[in-house]
There are 4 protein chains.
Amino acid sequence: MPDENGETQTARAAQAERTAFTEKAILDAAEAVFARRGLAGTRVREIAEATGLNGATLYNYYPSKSALYEAVLERGVKPLVDLLETFSAGPRELETTRALVAEVMCHLAGHPNFSRLIYLEAMAEGPYLSTLARKWFRPLMERIIGELKDSPEPLDLEDGMLPLVAALFIHASFGHFALAPLLHETLDTDPVSTEGIERQTRFIDTLILKMFPLLARKAEASTPEGVDD
Amino acid sequence: MPDENGETQTARAAQAERTAFTEKAILDAAEAVFARRGLAGTRVREIAEATGLNGATLYNYYPSKSALYEAVLERGVKPLVDLLETFSAGPRELETTRALVAEVMCHLAGHPNFSRLIYLEAMAEGPYLSTLARKWFRPLMERIIGELKDSPEPLDLEDGMLPLVAALFIHASFGHFALAPLLHETLDTDPVSTEGIERQTRFIDTLILKMFPLLARKAEASTPEGVDD
Amino acid sequence: MPDENGETQTARAAQAERTAFTEKAILDAAEAVFARRGLAGTRVREIAEATGLNGATLYNYYPSKSALYEAVLERGVKPLVDLLETFSAGPRELETTRALVAEVMCHLAGHPNFSRLIYLEAMAEGPYLSTLARKWFRPLMERIIGELKDSPEPLDLEDGMLPLVAALFIHASFGHFALAPLLHETLDTDPVSTEGIERQTRFIDTLILKMFPLLARKAEASTPEGVDD
Amino acid sequence: MPDENGETQTARAAQAERTAFTEKAILDAAEAVFARRGLAGTRVREIAEATGLNGATLYNYYPSKSALYEAVLERGVKPLVDLLETFSAGPRELETTRALVAEVMCHLAGHPNFSRLIYLEAMAEGPYLSTLARKWFRPLMERIIGELKDSPEPLDLEDGMLPLVAALFIHASFGHFALAPLLHETLDTDPVSTEGIERQTRFIDTLILKMFPLLARKAEASTPEGVDD
DNA sequence: GATGAATGAGCCTTCATTCAT
DNA sequence: AATGAATGAAGGCTCATTCAT
């Protein structure tokens with residue numbers, strides 16, 4: 001009965017799609033709520049309501065609140081790790097760094113809650129901190145530090161200050177999203193609007209150029225028409 | 001009966017002192033716990049245990065968990081507001097800004113939990129956000145922005161990017177403390193050790209000088225003995 | 001798929017029935033406990049245990065202890081209000097009054113806790129007192145007073161004593177149930193046994209006849225077969 | 001040193017007086033609060049505040065909340081028991097009963113909370129119920145029943161209804177005070193005002209006369225000018 | 001897969017009671 | 001005698017989680 005099989009298969013596919021859809025909806029809702037209240041402060045029902053489901057239904061997808069939390073963290077960290085791997089193949093020069101920053105900002109634009117999530121986790125000194133450090137933060141920092149070290153134009157900084165420069169870029173990118181609610185409340189513009197994100201991206205770019213004037217001049221020379229990427 | 005009165009008064013003073021001592025202990029413990037878990041994630045018993053008191057005793061000092069939270073916020077914000085007012089009397093020039101940054105860093109060094117506390121609160125989008133913005137963040141931002149505007153050496157930045165510069169200093173100072181656990185886990189040194197704080201302070205100073213090269217040179221000239229540490 | 005729908009509907013009906021059953025069980029248990037201890041003196045767990053449920057489950061049915069209390073009051077008052085409305089259509093004469101008393105006693109017999117509940121509430125001077133007065137007590141009093149006023153045989157009482165006569169009937173009916181535990185402890189018979197209630201009902205009836213001797217004689221005349229039990 | 005002794009004695013007397021004064025204040029406040037909320041529903045601090053004392057101070061006078069409660073009950077019951085003993089010496093006739101009712105109402109007028117207190121206790125089926133029945137309620141009922149039994153004019157009631165007549169007097173006297181808040185809310189006059197109490201007393205008196213018409217006529221004859229007591 | 005009902009654990013808060021002063 | 005501080009024991013209510021349907 002190939003027909004039946006066909007139907008069954010089609011039905012299965014449809015079901016799988018629905019499941020995947022629901023799962024993504026849950027992750028999205030969870031990310032948003034976790035980003036605001038943290039793991040301990042978040043109530044499962046909040047996530048369920050934000051997803052439009054009954055609280056008990058979540059347990060058909062994730063065995064516990066913390067498992068869901070880990071899934072959210074994992075989903076958020078993975079593309080950044082991938083991004084970094086992609087870049088680690090390329091050359092280590094100013095242009096690459098600028099592009100990396102742009103890419104990171106672009107990714108964060110699509111996941112505006114993620115920064116808050118990891119800031120929260122970073123501050124909580126909780127059980128996920130070391131994982132977070134190992135999988136996400138350390139590679140990112142090392143990548144940036146490595147780039148700075150290899151730079152032909154040496155920064156005239158004390159020894160041991162390179163990590164601080166790297167951290168500055170973290171602050172300026174992730175911190176921009178993390179503090180967004182406060183910035184929004186204070187300033188007139190929304191930091192996570194498309195315009196706000198683009199402006200911050202350009203600002204970081206300018207910052208880089210200000211810190212590496214020689215390189216900047218060289219870069220400028222090699223692209224006389226301007227790099228409006 | 002002067003003796004009796006005297007004794008009574010002494011006893012009262014002693015009692016008042018003990019009360020004040022306990023109150024400070026509660027605030028300190030609460031600040032530490034709130035800074036890690038946030039308002040929603042903190043359990044009153046945690047604070048009580050950290051203070052060495054019974055949970056019920058806290059309610060002799062503060063009528064509710066959120067009232068205690070507000071008191072902690074208030075106590076943390078006040079000295080910064082005062083600091084700002086002190087500086088607002090002084091001249092608006094590069095040296096002042098550098099000094100302000102140093103002072104802020106110095107204050108945060110003494111209250112390493114405060115940065116995390118307000119980052120948490122900023123991200124929670126809770127009911128204290130607007131108060132925090134009005135009383136603490138807005139004045140600080142305006143002060144910095146004003147200083148940048150009045151600067152004789154114009155930053156060659158797009159319009160509307162001044163707030164981002166100001167925010168950068170926030171990120172680099174408050175963010176340094178907020179992300180300290182993660183930085184510590186990743187790097188080899190403790191960011192909130194005396195050395196770590198001093199290094200970050202010098203780093204921000206360097207950053208300022210890099211952004212205002214003209215002013216920097218002038219400042220250097222006017223202080224022939226050199227304060228380059 | 002009529003079958004499936006049918007099953008679903010049956011299942012839903014069954015569920016609804018179970019829910020209604022549980023709700024009634026909760027109200028019954030709550031009524032009994034509230035009648036003994038009052039709102040403030042009652043512990044939610046007592047009600048839960050009396051219902052055979054976990055304390056938390058009650059909150060699936062009523063959002064708070066006081067909401068449950070209000071529901072109990074409401075359920076108790078409603079049939080009495082309805083009873084009064086039924087009677088308000090009938091003629092205002094002695095027989096009607098006697099019948100009303102009998103009906104009220106009969107109702108109270110089925111809800112022996114209700115009298116205690118409202119006595120408790122009446123004495124507590126709490127927030128429900130005015131509602132209780134408006135919805136239940138005032139109409140009842142007015143009904144009785146009206147009947148007495150319209151009576152062809154005027155009671156030879158001072159002006160303004162009519163309410164006291166009405167109140168006397170309240171005392172004799174509701175008070176009988178309210179004081180039942182004490183009466184039981186003191187006398188040999190149980191006041192809320194069928195016999196005890198019937199006896200008190202006959203007693204009130206006798207009381208009425210004693211207060212209206214003329215009417216009593218007339219009533220007796222018009223019912224030659226005699227209903228003297 | 002007789003002087004010193006004298007002074008000491010005076011001081012002691014003054015102190016004793018102050019103590020007695022405070023103790024009475026506590027009992028009064030406790031009676032009022034217990035009458036509204038019952039033992040379980042009353043908070044010690046409420047009583048303390050009503051007395052103008054600190055909660056802990058009460059424990060210098062009574063070892064526990066329930067001990068205070070018992071003292072309040074005891075104080076309320078005793079004068080009624082005494083009253084009954086006084087009357088038990090006198091003759092058992094209509095006039096005596098009328099006088100007893102008047103005396104009871106007069107006593108209750110001075111302790112308007114007491115009725116509520118014992119109604120509350122009667123309904124709670126608590127541990128004090130049997131004591132209350134034995135010491136206060138049973139003697140009172142027996143006294144009234146005895147009087148009715150000895151009456152030369154037999155009430156034409158079924159057997160076993162005598163206790164109900166006795167209970168009716170309880171309802172009409174104690175119940176008047178117990179339901180006072182509800183009656184006040186419903187009617188225009190305050191049942192526990194001097195006027196309200198006098199009126200209810202006269203009403204009960206009338207009720208007695210209505211139930212014993214022969215006796216009433218006889219009584220009337222022997223006091224031609226009327227008994228405006 | 002989805003849900004309402006149920007529950008044990010735990011949270012914030014209150015309360016009766018004790019104690020040092 | 002009087003009080004503020006302290007506490008163990010609840011008390012009301014919430015929450016993560018389970019289960020029957």
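Bear in mind that the values here come from a model prediction, so they are computed numbers and not experimental data. In what follows, chains are A, B, ... by sequence order, proteins preceding strands, each numbered from 1.
Taking a 4.0 Å limit (strictly below) on heavy-atom distances, residues 40-48 of chain B does not reach DNA chain F anywhere.
Put simply, CD on E49(B) is 12 Å from P on dT7(F), counting in whole angstrom units. The nearest whole Å value for the distance from the CD atom in E23(B) to the C1' atom in dA6(F) is 16 Å. Between the C1' atom of dG12(F) and the OH atom of Y62(C) lies a distance of 18 Å, rounded to the nearest Å. As a whole-Å value, the separation of L53(A) CG from dG4(E) C1' is 14 Å. In this structure, CG of L68(D) is placed 13 Å from C1' of dA16(E), rounded to the nearest angstrom. As a whole-Å value, the separation of Y59(C) OH from dA6(E) C1' is 15 Å. Distance F21(B) CZ to dA6(F) C1': 16 Å, rounded to the nearest Å. Taking atom CG of residue L58(B) and atom P of nucleotide dG8(F), one finds them 13 Å apart after rounding to whole Å.
Nearest to the side chain of N54(D), among dT3(F), dA16(E), dA2(E), sits dT3(F). With dG4(F), dG8(E), dC13(F) as the candidates, the nucleotide lying closest to the side chain of A56(D) is dG4(F).
Using modelled atom types, one side-chain atom of K65(B) and one backbone atom of T42(B) make a donor-acceptor pair closer than 3.5 Å.
At the phosphate of dT3(E), OP1 or OP2 sits under 4.0 Å from a side-chain N or O atom of T57(A). Contact annotation: Y61(C) reaches the phosphate of dA6(E) (side-chain N/O to OP1 or OP2, under 4.0 Å). Within the 4.0 Å cut-off from OP1 or OP2 of dA1(F), not a single side-chain nitrogen or oxygen of T19(D) is found.
DNA chain E is contacted by both G52(C) and P63(B); G52(C) maps to the nucleotide lying nearer its 5′ end (nearest heavy atom per residue). Nearer to the 5' terminus of DNA chain E, by closest-nucleotide assignment, is the contact made by T22(C) (compared with the other of S64(D) and T22(C)). Residue G55(B) is the one, among G55(B) and K65(C), whose nearest nucleotide of DNA chain F lies closer to the 5' end (criterion: closest heavy atom).
A 4.5 Å side-chain heavy-atom check between F114(A) and V72(A) finds every atom pair outside the cut-off. Side chains of L68(D) and Y61(D) form no contact here, defined as non-hydrogen atoms less than 4.5 Å apart. Under the 4.5 Å side-chain criterion, counting only non-hydrogen atoms from C-beta, N113(A) is not in contact with F34(A). T22(D) is listed as a side-chain neighbour of L53(D), based on a closest heavy-atom distance under 4.5 Å. Side-chain contact between L27(C) and Y62(C): present, with at least one pair of heavy atoms (C-beta onward) separated by less than 4.5 Å.
Between the side chain of N60(D) and the base of dA2(F), a donor-acceptor pair under 3.5 Å is found.
Note that CZ of R37(A) and CG of L120(B) are 11.5 Å apart. Values are rounded to the nearest 0.5 Å. L39(A) CG to Y128(A) OH: the interatomic distance, rounded to the nearest 0.5 Å, is 5.5 Å.
Between R45(D) and E49(D) there is a salt bridge, since a side-chain N of the basic residue sits under 4.0 Å from a carboxylate O of the acidic one.
Sorted by first and then second residue, the salt bridge (Lys or Arg N to Asp or Glu O under 4.0 Å) pairs with a member in residues 117-127 of chain A read E125(A)-R116(B); sequence neighbours excluded.
Two end axes, each from the C1' atoms of five base pairs, can be drawn for the helix from dA2(E)-dT21(F) to dT21(E)-dA2(F); they diverge by 10°, to 10 degrees.
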